[in-house]
Amino acid sequence: MTMTVCSAADLVSQYASGRRDFREIDLQGANLQGIHLAGADLSYADFGGANLAGANLRGCDLSFADFSGANLLGADLRGCLLFGSDFREALLEGALLDHADVDAYTHFPKDFDPKAHRLHGIAVDTSVQGPRNPSV
């Protein structure tokens with residue numbers, strides 16, 4: 001079941017009221033520039049094509065989230081769980097990824113250097129070939 005939120009303002013309001021569980025939320029193409037959602041559970045969320053420039057997602061569970069084509073310029077993803085997340089074709093310049101946890105099913109853009117971003121985990125897939133399939 002996919003969860004939807006009416007707008008970025010609604011999401012911010014729910015977060016401000018103490019909600020942290022936003023699993024499976026569909027925010028595809030949303031303008032979330034500078035949003036603060038630190039510590040939220042955003043696993044399985046769809047951020048495809050969303051604008052998350054300057055967003056504070058520090059410590060979030062972003063496992064299996066889709067960030068393909070998203071703008072994450074200057075976003076803070078330090079300490080996040082990124083297991084199985086898809087960042088192919090995402091803009092990651094200036095994004096802070098220190099100490100984020102990744103696995104072999106985490107996909108980053110071609111030429112992305114996991115060591116330069118001090119990621120934790122096992123080998124990261126930076127290839128852009130083939131469909132995303134975390135069940136392999």
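This structure is a prediction, so every number in the text was calculated from the model and none was measured.
The line from CG of Leu97 to CG of Leu72 is 8.5 Å long, rounded to the nearest 0.5 Å. Taking CG from Asp103 and OG from Ser63, the interatomic distance works out to 8.0 Å, rounded to the nearest 0.5 Å. Note that CD1 of Ile25 and CG of Leu37 are 8.5 Å apart. Values are rounded to the nearest 0.5 Å. To the nearest 0.5 Å, atom CZ of residue Arg19 and atom OG of residue Ser13 are 11.0 Å apart. Atom CG of Leu57 and atom CG of Leu32 lie 8.5 Å apart (nearest 0.5 Å). The structure places OG1 of Thr106 at 8.0 Å from CZ of Phe64, a figure rounded to the nearest 0.5 Å.
Gln14 and Phe22 make their closest contact through OE1-CE2, 3.7 Å (heavy atoms, listed as atom of the first residue, atom of the second, distance). The minimum heavy-atom distance linking Cys80 with Gly59 is given by the pair SG-N, 3.7 Å. In plain terms, the two heavy atoms of Leu42 and Cys60 that are nearest each other are CD1-SG, 4.1 Å.
No donor-acceptor pair closer than 3.5 Å links the side chain of Asp10 to the backbone N or O of Val12. In terms of modelled atom types and a separation under 3.5 Å, the side chain of Tyr15 and the main chain of Ala38 share a donor-acceptor contact. Between the side chain of Asp101 and the backbone N or O of Leu119, no donor-acceptor pair lies under 3.5 Å. No donor-acceptor pair closer than 3.5 Å links the side chain of Ser68 to the backbone N or O of Asp86.
A side-chain donor from one of His36 and Asn56 sits under 3.5 Å from a side-chain acceptor of the other.
Side-chain contact between Asp113 and Phe108 is absent, with no heavy-atom pair separated by less than 4.5 Å. Considering only heavy atoms from C-beta on, His99 stays 4.5 Å or farther from Arg78 through its side chain.
Of the residues Leu62, Leu96, Leu92, the one that meets the side chain to side chain contact (heavy atoms under 4.5 Å, CB included) test with Leu77 is Leu62.
Aromatic pair His117/Phe112: centroids less than 6.0 angstrom apart.
Screening residues 46-62 for salt bridge (charged side-chain N to carboxylate O under 4.0 Å, His left out), with sequence neighbours left out, gives no hits.
A salt bridge links Arg23 with Asp41: the closest approach of a Lys/Arg side-chain nitrogen to an acidic carboxylate oxygen falls below 4.0 angstrom.
Cluster membership check: Phe67 shares its hydrophobic cluster with Leu11, using side-chain heavy-atom separations under 4.5 Å among Ile, Leu, Val, Met, Phe, Trp and Tyr. Note on Leu91 and Leu52: separate hydrophobic clusters, where clusters join Ile, Leu, Val, Met, Phe, Trp and Tyr whose side-chain heavy atoms are under 4.5 Å apart, directly or indirectly.
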